Amino acid sequence: MLTNRVFMKKTRKGGIIKVVREHYLRDDIACGIASCGLCMLTESRTSLDRVPEFSSNAFTGPHYLMLDTNVILYQIDLLESDAIRNVIVLSTVLDEVRHRSPAIFKRLRKIVADPGRKFFTFVNEHHKETYLGKGVGESANDRNDRMIRRAAVWYGKHIREEDKENRVRVVVLTDDAENRRKAKEDGLLVASVADYVGSLSGHPELRDKVFNTEKWQDESKIIFSAHLTTTQIHEGIKKGELLQGAFFASRDNFLEGNVRVESIEEPVLIQGRLNLNRAVDGDVVAIKLLPKSEWKCPSGVVLVDEQAVDSEAVETADPEFEQKDGEDRVPTATVVGIIKRKWRQYCGILAANPMASSTRHLFIASDRNIPRIRIETRQSAHLITQKIVVAIDYWPRHSKYPIGHFVRALGGIGEKDTENEVILLEHDVPHGSFSAEIQAQLPKLPWTVDPEEYKKRVDLRDITICSVDPPGCTDIDDALHARRLGNGNIEVGVHIADVTHFIKPGTPLDKEAGLRATTVYLVDKRIDMVPDVLSSNLCSLRGGEERLAFSCIWELDDGANIINTKFHKSVIKSKAALTYQEAQLIIDDPTQTNQTAQSLRLLNKLAKILKRRRIDNGALVLASPEIRFNIDSETHDPIDVVAKKMLDTNSMVEEFMLLANVSVAAKIEREFPECAMLRRHPCPPDANFDPLKKAASYQGFEIDTSSGKKLATSLDLAVKPDNPYFNTLLRILATRCMMQAVYFISGTIQQQEYFHYGLASPIYTHFTSPIRRYADVIVHRLLAACIGADATYPALLDKQASSQLCNNLNYRNRMAQYAGRASVALHTHLFFRDRSEDEEGYILFVKKNAIQVIIPKYGLEGTIYVAGKNNEKLKKDGPTFVYNEETQTQSCGAVEFHAFDPITVRLSLDSTNVQHQRLVFELVTPFIEGFSVPPLEGGASNGAAAKRKGDKAAVETGEKATKKSKKGKF
């Protein structure tokens, strides 16, 4: 059957044309019910149970569920529960979900693809009995609701015709009151989600997952201003009255943040709960600048995290923000509307209501930038000891906190597996098993190099090639060689695993690797970008085994000047897989004269020249505290923590990886000027360097940030003989002033913006780690096309698609970095269970109410509070600290604290509250009566961890992650 769909379309010139499209209708579309005698259902499709099981007290008979669009959009957490089965999803509803929320659509597709869930997609748009044309003046939503009711009527009739005995019914679930009224008029069974879930027996936990705006409508006090509508925001931005940008909450103050706006160089300050106006970290917001007379200074107060409040369910008063005049004031604004929410599912703990009978509680997210969330649950007695997942539903004007619902429990608080799962979820790390489809695509073992490959590649198996990596590395991306040529020059080769031989464009494996974007390294586990058979075996350049590689070969003179560069696919056989320590011992041992030793010494000599040249050109040598855990082989708990030591061989490998990346970047940009995937490091705005400049000036040093070279020179000159760690502290601060290095496509920005600030290189990319970075996979494909080793394909040359891929790569890399840091924090907590230590530390910052310190041995940062959030004493009979804003110091009696001062700090784990186990920093020396703690005998205690006393300073900890990459910080 054929019908026509007619609509009017406006042309670019303002004319109106009539568009007529043919729409085919059929009568042979299957209903999806198993063994239906009236339909022909293919075996490959999911089928509904012929007689579905039911547990509803409201509908006392077998039934299928039919959902409207909003039920799927707002109740997806509920639908993901295994208790919800035998559901009919109409194609019109599916299309609307896809249009309104691609993320929800993806989650729905996963449910539909699971045959055990019994979700069936019925193509009502093309069935002659269920298709309805759009009425005159009818909205798309009203038509969709009408088609849902029509489909439900048809299903009822169809079921009665096919099987009169079972009398299976269809229940329409909708939270639209008008739709429910019309459905009842049509004789349909209908219910709201809350009513239906409430009628289910045996699944009380499902009630906690229901999105229900009516549950929290009993408060009348208005706290926040109403948000502007989308139209008002658009008009305001168009007129220049409003600005837009992403909101980022402050690391030190949960009631403060900033918005980066393209037209303003420095970030715009948002301060105070009312000005935040329900913005959550990551939201894209519309803001209105306040008059210059109302601009404020960023707060110098470090706010105690709300998790530290003893009575968690009690809402605490906001702190007072001190107002002051002067040049420190910055552009300040208020949030007037939300353009795009960045809400996601959050991990955290339940702060139970003191009223035992109440079902309303507060949820505290692990991410300290996220506000508390109100939820309703009847499982608080069980969940109080669990890490749980919660989603935000909405944030009304009358509520101090957003409203959400419980999604699921992850496991016991403090359990290692649970906390690892929290880290992966919080940082959006895809960590599920690789699908059966991908597993089937992998090469079968045992694997050998195909004889045809020898014909296509350069055979380098006889050259003395070796790899140098961290201990325990199994995903070996790179290997090197160096040898003297007959003309006296030196041949140097960097050989990179040829991952693209195994990952072909557009395959399921390629798509999954592109989604994951990077391998994520936690302290005790690795989340691979590609399956282990590739990452640790077939692609890994293991010693003594033939492997496929992509080689970059230079001819250099003794001054490390490049005479010639060539690229080719190759077959190699690494002579040794060395650790940094092993390679260093070979270089330093004069009795070692074999070819491997000669090769390493040549590489080391050239690397030192290359590094000196880079630094002379303005490359930065930055710092971050890095540590390594020694893990118990049986319990997998940390038993020791040691600072990472950098050897010459670390720098040796890094220099040649950098050189390869620069050489490849120049090659692919020359051949593909419009679509080469490159990496740039933007020059930081001068305002970013203010903390560094101020900290140095208080110590009598001037930091010149007018260029990267002058910054590097200034850092080199800032040395204090009486404080050997001073220069490292400055470099740590300089690292935090930097912008994030990002991937981009060459044809999308001006060439002068390609510059990599940290490396002082005009062009750069990533080529050397394709096992663990998808960007390198793309670069390998581009380089292969450049040298004729492989062909291009449409997506590789699609500038828009490649730019979208870069966005995902940048996001995933950032999240992987944060996940690594969180893993270090977790294992530091585990290490300090049942132990306390006195360690040497240094003051990083002196704040109005706190001292922020760093412990080099553990790479830990912590905050020792010396006053309350409103500058009140921590304890009535405790000492008084005086903050000097001009000199940035805190003083108590004769003791004065400056940035970079050495101090001794007590480290211990506070386990008095199972929900709030945290690492505590307490001052040992200099000793202040009533504030400091006495030193431990011998500097450490392996007994029970020190309990937190009332007169000891509270602490929050930050951390720096162990960096797994050996390829530098950029």
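Not measured: the values here are computed from a predicted model. Note that the numbering runs from 1 along the sequence shown for the chain. Atoms considered below: every heavy atom in the structure, side chains included; atoms not considered: hydrogens, waters and symmetry mates.
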Is there a side-chain contact between [X] and [Y] (heavy atoms, below 4.5 Å)?
X	Y	value
Val924	Val905	no
Arg906	Leu936	yes
Glu415	Ile413	no
Tyr401	Phe363	no
Ile403	Ile392	no
Ile423	Tyr818	no
Phe689	Met738	yes
Ile388	Val390	yes

Find the distance between [atom1] ([X]) and [atom2] ([Y]) and round it off to the nearest 0.5 Å.
X	Y	atom1	atom2	value
Ser250	Ile270	OG	CD1	12.5 Å
Leu733	Thr728	CG	OG1	11.0 Å
Ile703	Asp690	CD1	CG	13.0 Å
Ile854	Phe900	CD1	CZ	10.5 Å
Ile903	Phe897	CD1	CZ	6.5 Å
Asp648	Gln584	CG	CD	4.5 Å

Tell me the closest heavy-atom pair linking [X] and [Y], and the distance in Å.
X	Y	value
Leu522	Ala819	CD2-O, 3.7 Å
Ser697	Lys694	OG-O, 2.8 Å
Val846	Gln888	CB-O, 3.5 Å
Val866	Ala850	CG2-N, 3.8 Å
Val422	Cys347	CG1-CB, 3.7 Å
Gln386	Ala409	OE1-CB, 4.0 Å

Audit row: Tyr858, Leu907, side-chain contact (heavy atoms from CB on, under 4.5 Å) steps and yes/no: CA-CA 10 Å; Tyr858 298 117; Leu907 300 176; 3.7 Å; yes
Test your reading of the model: is there a side-chain donor-acceptor pair from [X] to the backbone of [Y], 3.5 Å cut-off?
X	Y	value
Gln271	Asn258	no
Arg835	Ser908	no
His361	Ile375	no
Glu256	Gly272	no
Asn727	Ala718	yes
Arg516	Asp528	yes
Ser932	Pro926	yes
Ser823	Gly820	no

For Val280, side-chain contact (heavy atoms from CB on, under 4.5 Å) partners two or more places apart: Asp283, Arg341, Trp343, Tyr346, Ile370, Pro371, Trp395
Applying side-chain contact (heavy atoms from CB on, under 4.5 Å), can you list everything that pairs with Glu582, at least two apart in sequence or on another chain? Leu578, Thr579
Which residue pairs pass the salt bridge (charged side-chain N to carboxylate O under 4.0 Å, His left out) test with at least one member in residues 422-432, sequence neighbours excluded? Arg344-Glu426, Asp428-Arg812
Would you kindly say whether [X] and [Y] are connected by a side-chain donor-acceptor distance under 3.5 Å?
X	Y	answer
Glu840	Tyr725	no
Thr904	Thr925	yes
Asp475	Tyr521	yes
Arg374	Ser399	yes
Glu421	His431	yes

Test applied, side chain to side chain donor-acceptor pair (under 3.5 Å); reference residue, Thr359; option that passes from Glu376, Arg378, Gln379: Glu376
Where do Thr474 and Arg526 land on the side-chain contact (heavy atoms from CB on, under 4.5 Å) test, with the steps shown first? CA-CA 11 Å; Thr474 60; Arg526 189 180 77 200; 2.8 Å; yes
Which residues pass the side-chain hydrogen bond (donor to acceptor under 3.5 Å, both in side chains) test with Lys720, sequence neighbours left out? Gln699
Could you list the residues that satisfy salt bridge (charged side-chain N to carboxylate O under 4.0 Å, His left out) with Asp901, not counting sequence neighbours? none
Taking the six-membered ring for Trp, are Phe726 and Phe701 closer than 6.0 Å centroid to centroid? yes
Please assess Val824 against Val523 for the test side-chain contact (heavy atoms from CB on, under 4.5 Å), listing each intermediate value before the final yes or no. CA-CA 6 Å; Val824 169; Val523 170; 4.1 Å; yes
Would you verify whether the NZ or CZ of Lys847 falls within 45 degrees of the ring axis of Phe845 while also being under 6.0 Å from that six-membered ring's centre? yes
Honestly, is Arg408 close enough over Phe406, meaning NZ or CZ under 6.0 Å from the six-membered ring centre and within 45° of the axis? no
Please test Thr377 against Arg360 for side-chain hydrogen bond (donor to acceptor under 3.5 Å, both in side chains), starting from the C-alpha separation and ending with a verdict. CA-CA 6 Å; Thr377 177; Arg360 297 186 175 188; over 6 Å; no
In chain order, what residues pass the ring-ring contact (aromatic ring centres under 6.0 Å, His included) check against Phe881, with sequence neighbours excluded? Phe931
Note: Lys416-Asp524 ion pair, threshold 4.0 Å (strictly below): yes
Derivation of the side-chain contact (heavy atoms from CB on, under 4.5 Å) call for Ser380 and Leu350: CA-CA 8 Å; Ser380 60; Leu350 190 70; 3.8 Å; yes
